[in-house]
Amino acid sequence: MRQIILQSLTLSNFKGLRDFVLETVGGSVSIFGDNATGKTTLFDSFVWLLFGKDSNNRTDFEIKELDEAGQVVQHGLEHTVEAVLFVDRRRRTFRKVFAEKWTRKRGSATQEFSGHTTNYFVDDVPVKLTQYKAEVDGLIAEDVFKLLTNPSYFNEQLKPDARRKVLLDVCGNLTDAEVIASNKELAPLHEILGDRSIADHKKVVEAQRREINKELEKIPVRIDEARRTMPDTSELDAELLIEDIETLRSRVDNKTAELNRIQSGGEVSVKEVRLREINADLLDIKNRLQSDGIRKVDDQREALFGLKREESRIQSDLSNGNRVIQQYANQIENGRARAQRLRDDWTTVNGLVPPEHAHDDNCPTCGQALPAEQIQSAHDKVLADFNLDKSQRLERISAEGKAAMDEVRQIEQDKATLEREIQLLTDQLADKQTEIAAADVDLNLLQSAVADPADNLEYQAKLQEATAIRTEIEQLRSSSTEAVTAVQSEIRVLRAQVADLESDKAMIDRAKATEQRIAELTAQERKLAAEYERLEHELFLTEEFTRSKVSLLESKINNKFRYARFRLFKQQLNGGLDDVCDTLYNGVPYDGGLNNAARINVGLDIINTLGQHYGFSAPIFVDNAEAVTQLIDTEAQMIRLVVPPAFNSLPEEVQEELSKQHGSYEDAEAAWRDRNKKLRLEHNDIQEAI
């Protein structure tokens with residue numbers, strides 16, 4: 001088993017302890033001190049040194065000493081904790097220094113607080129935070145350390161799910177097959193589960209139960225609604241209704257046939273046939289008379305449309321040409337203006353004269369007068385440069401002016417060419433418009449020349465015959481109007497009777513459909529009830545599985561501990577199970593009335609088992625150790641944090657001995673109180689001295 005032993009723990013300015021050294025000589029020790037004198041601070045400092053938290057797993061606790069108002073007593077101090085450990089007999093030193101950072105800005109006479117710094121040392125060698133954490137993690141994992149050093153950590157800081165996980169890690173879980181094999185009632189689960197786990201199958205069953213239950217709640221409501229909407233058909237006979245409907249429909253058919261015979265009498269039919277023949281003859285005569293003229297009109301109209309399309313094309317070309325001529329005119333105007341500007345520039349440059357002599361006749365370095373030939377040479381050079389620059393500028397302006405005029409002349413030529421083309425297009429447009437006018441006249445003449453059938457004698461005779469036949473048909477129909485009206489009235493009465501009977505028949509059909517729907521809902525209700533019962537049985541099996549598994553687990557887990565016992569489930573009022581993780585001692589729950597001494601010993605029992613599982617032991621800090629008269633045995637080093645007894649609770653012989661040492665009972669009691677106010681270290685045999 002790997003072992004960590006605390007050899008010494010040194011605190012400087014940590015939570016009010018200005019300077020304290022705990023020397024354990026590698027063994028278990030007891031630390032005596034009144035409440036609020038700093039016993040728990042020792043455990044806080046040890047945890048903070050390794051993991052940056054206090055013994056309650058907080059990272060935001062205050063390290064500096066505070067006054068009664070909660071203000072820092074003194075700034076600028078270094079807060080240091082150092083621990084000397086023996087890890088498997090190898091000496092290791094860890095030190096952490098927390099300090100305020102004060103800086104003085106440029107131009108300021110005072111320093112300002114700008115944050116904190118933390119320095120880390122391993123075996124007296126300064127290291128960075130990442131390396132420090134790596135060294136600590138190399139000793140022991142943080143969660144394992146807290147489990148093995150604090151008797152209350154498992155029961156008071158871990159949540160139930162985390163406690164269950166730790167216990168299952170220690171004792172090992174059970175497979176579903178092992179649990180099913182332990183209880184014959186669970187044998188059907190093999191086939192029921194398939195590839196699902198118990199937890200997944202339970203979720204599926206519960207979801208299906210909820211859906212089925214919702215459906216079962218809806219079905220009685222649906223049946224009741226169906227019954228309330230079902231029509232009363234007790235006085236109706238379906239067979240008689242069908243027979244009466246067929247009889248009435250036959251009578252309607254007979255009356256309809258009679259009506260058709262009256263409306264389409266034989267003589268009327270003959271005359272209507274003759275009228276259709278005459279109309280066909282009229283159409284033939286019209287087509288024969290007008291077909292040649294209409295063809296000529298269509299040909300002339302197509303020719304006219306072709307001329308108009310050509311006219312539209314010529315007008316489009318004219319529009320585009322006029323737009324280009326306008327662009328040419330603008331370009332000519334701009335070119336001439338540019339040429340005029342260049343002529344003005346040439347005149348200006350040509351009128352320039354050489355500059356007057358502006359050179360100093362004295363040497364710029366020594367100030368003496370320069371020789372005459374040197375002065376003349378400078379003057380000649382200035383004049384030559386001026387003349388060369390003037391000549392070059394005039395040549396450039398002349399070239400640009402010539403190019404501008406050449407461009408203007410070219411554009412004028414293009415414009416003249418385009419104007420001649422536009423004149424040709426204008427002439428073509430006039431000719432085309434003349435052709436269009438002539439073609440339009442020809443079209444009108446052809447349209448007026450189309451023959452009018454009304455002037456044809458044969459056509460006139462056919463029209464007169466058709467008019468006479470229509471008159472005869474109207475006379476024949478008016479004489480049968482009264483008979484038609486009477487038959488139509490009888491048909492309406494018969495159809496109304498049929499509608500009433502069909503309404504009664506539809507009522508019977510609705511009642512039958514409702515009865516069938518009620519029967520279907522009733523069958524569905526029975527089927528769902530059977531399915532619900534099957535799911536209830538499967539849910540019972542899953543819960544029985546859980547009970548069996550928990551019972552096996554509890555037995556398996558509890559066998560690992562001497563005093564602590566664990567309850568992993570709680571029975572609900574509805575028979576279900578809640579997953580819990582309660583620690584018990586002699587049947588009393590840890591958080592339900594267990595005294596402090598039993599809590600500490602239960603915590604030590606858990607640490608013993610976890611230490612065996614992890615193969616590790618670390619210093620155990622037992623706070624409020626005065627509540628325990630006898631701690632259970634443990635292989636780990638133990639740091640007892642004890643509030644010493646009051647003077648009057650000491651044995652009488654000890655009180656008398658102390659009174660003799662201090663001269664009186666009052667002085668001995670005062671000395672004892674002073675002693676308890678200071679944090680002191682004694683070995684375990686101090687209890688014997690007390």
Side-chain angles (χ1 to χ4, degrees), residues 6 9 11 14-17 20 22 24 27-48 53-58 61-62 145-158 163 561-564 582-586 588-611 617-634 636-651 672-673 675-690:
L6 177 63
L9 183 66
L11 283 70
F14 187 86
K15 291 183 66 175
L17 291 181
F20 180 80
L22 170 63
T24 68
S28 297
V29 297
S30 297
I31 300 174
F32 293 81
D34 281 344
N35 290 323
T37 57
K39 298 185 303 301
T40 306
T41 297
L42 295 179
F43 191 18
D44 290 341
S45 70
F46 190 43
V47 179
W48 176 78
K53 303 174 183 178
D54 67 359
S55 57
N56 289 319
N57 209 34
R58 297 175 304 179
F61 72 101
E62 183 58 67
F145 173 84
K146 293 172 181 177
L147 284 170
L148 300 183
T149 58
N150 186 353
S152 64
Y153 182 79
F154 178 86
N155 291 298
E156 297 180 16
Q157 296 191 30
L158 284 185
R163 294 200 294 267
F561 297 86
R562 292 182 60 190
Y563 304 103
D582 298 331
T583 304
L584 308 168
Y585 178 69
N586 290 334
V588 180
Y590 183 92
D591 56 355
L594 198 63
N595 61 52
N596 200 29
R599 287 188 176 203
I600 292 173
N601 275 328
V602 165
L604 292 175
D605 183 35
I606 293 172
I607 288 176
N608 286 341
T609 299
L610 296 182
S617 73
I620 302 173
F621 284 77
V622 182
D623 204 358
N624 299 316
E626 70 279 355
V628 190
T629 57
Q630 182 63 45
L631 295 173
I632 67 172
D633 294 334
T634 179
Q637 181 186 24
M638 191 176 301
I639 313 296
R640 298 175 69 249
L641 306 177
V642 184
V643 176
F647 184 80
N648 56 12
S649 65
L650 296 174
W672 183 260
R673 284 197 302 271
R675 175 187 182 279
N676 290 348
K677 289 180 181 179
K678 299 178 181 179
L679 190 63
R680 297 187 58 194
L681 168 65
E682 300 290 349
H683 293 288
N684 289 331
D685 56 4
I686 193 170
Q687 291 181 306
E688 299 177 2
I690 294 175

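Summarising the geometry of Ser45 relative to Leu9, their closest heavy-atom pair is OG-CD2, 3.6 Å, with the distance given to 0.1 Å. Between Asp605 and Ala564, the closest heavy-atom pair is OD2-N, 2.8 Å.
Under the 3.5 Å distance criterion, the side-chain polar atoms of Gln157 are matched with a main-chain donor or acceptor of Ser55. Here the side chain of Asn56 pairs no donor or acceptor atom with the backbone of Asp44 at under 3.5 angstrom. No donor-acceptor pair under 3.5 Å is formed between the side chain of Asp623 and the backbone N or O of Thr40. Checking side-chain atoms of Ser28 against main-chain N and O of Met638 turns up a donor-acceptor pair under 3.5 Å.
Side-chain contact between Thr24 and Gln637: present, with at least one pair of heavy atoms (C-beta onward) separated by less than 4.5 Å. Phe46 places none of its side-chain heavy atoms less than 4.5 Å from the side chain of Leu22. Residues Phe154 and Thr583 are in side-chain contact: their nearest non-hydrogen atoms beyond the backbone lie under 4.5 Å apart. Taking 4.5 Å as the limit, some side-chain heavy atom of Ser152 sits within range of a side-chain heavy atom of Tyr590. Annotation: side chain of Val622 is in contact with side chain of Leu604 (closest heavy-atom distance under 4.5 Å). Contact check for Arg562 versus Ile632: no side-chain heavy atoms found under the 4.5 Å cut-off. Using a 4.5 Å heavy-atom cutoff, the side chains of Ile639 and Leu42 are not in contact. Put simply, the side chain of Asn155 reaches to within 4.5 Å of the side chain of Ile606, judged on heavy atoms.
With rounding to the nearest 0.5 Å, the separation of NZ in Lys146 from NZ in Lys53 is 3.5 Å. How far CZ of Arg640 is from CD1 of Ile600: 9.0 Å, rounded to the nearest 0.5 Å. Taking CD1 from Ile620 and CG from Leu6, the interatomic distance works out to 12.5 Å, rounded to the nearest 0.5 Å. Distance OG1/Thr41 to CG/Asp54: 10.0 Å, rounded to 0.5 Å.
Not counting sequence neighbours, the partners of Phe14 by the ring-ring contact (aromatic ring centres under 6.0 Å, His included) test are Trp48. With sequence neighbours excluded, no residue satisfies side-chain hydrogen bond (donor to acceptor under 3.5 Å, both in side chains) with Thr149. Remark: Tyr585 pairs with no residue by the ring-ring contact (aromatic ring centres under 6.0 Å, His included) rule, at least two apart or across chains.
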